[in-house]
Amino acid sequence: MGSYRFTLQVSIMATLSGVLYVLSGIVADALGYIDYFMLLLGLGVLSLYPIYRWKKYYSA
């Protein structure tokens, strides 16, 4: 049973990765690579906000 679960998880991961690679290529073609990377940079910076908030309010 364990090998079945592992195979299923890896199959799902590979399928989703392929779909996301294709979608990222489509978005990059639509925006242009510079704008695409700037969008990713902005999302990366925004993702730091929860970490900052956690550190400020929940750390000892």
Asker: Among all residues two or more places apart in sequence or in another chain, which pass the side-chain contact (heavy atoms from CB on, under 4.5 Å) test with Ser17?
Answerer: Met13, Tyr21
Asker: Following the transitive rule for hydrophobic clusters with a side-chain heavy-atom cut-off under 4.5 Å over Ile, Leu, Val, Met, Phe, Trp and Tyr, establish whether Ile12 and Tyr4 coincide in one cluster.
Answerer: yes
Asker: Hey, could you give me the OG1/CG distance between Thr15 and Leu20, rounded to the nearest 0.5 Å?
Answerer: 11.0 Å
Asker: Check which hydrophobic residues are tied to Val10 through side-chain heavy-atom contacts below 4.5 Å, counting indirect links as well, and list them.
Answerer: Phe6
Asker: Does some side-chain heavy atom of Asp35 sit less than 4.5 Å from a side-chain heavy atom of Leu39?
Answerer: no
Asker: Using the side-chain contact (heavy atoms from CB on, under 4.5 Å) criterion, which residues pair with Tyr33? Sequence neighbours excluded.
Answerer: Ala28, Asp29, Phe37
Asker: Please tell me whether Tyr49 and Leu43 are part of a single hydrophobic cluster in this structure, the criterion being side-chain heavy atoms less than 4.5 Å apart.
Answerer: no
Asker: Mind checking whether Tyr52 and Leu46 sit in one hydrophobic cluster, side chains of I, L, V, M, F, W, Y counted as touching below 4.5 Å?
Answerer: no
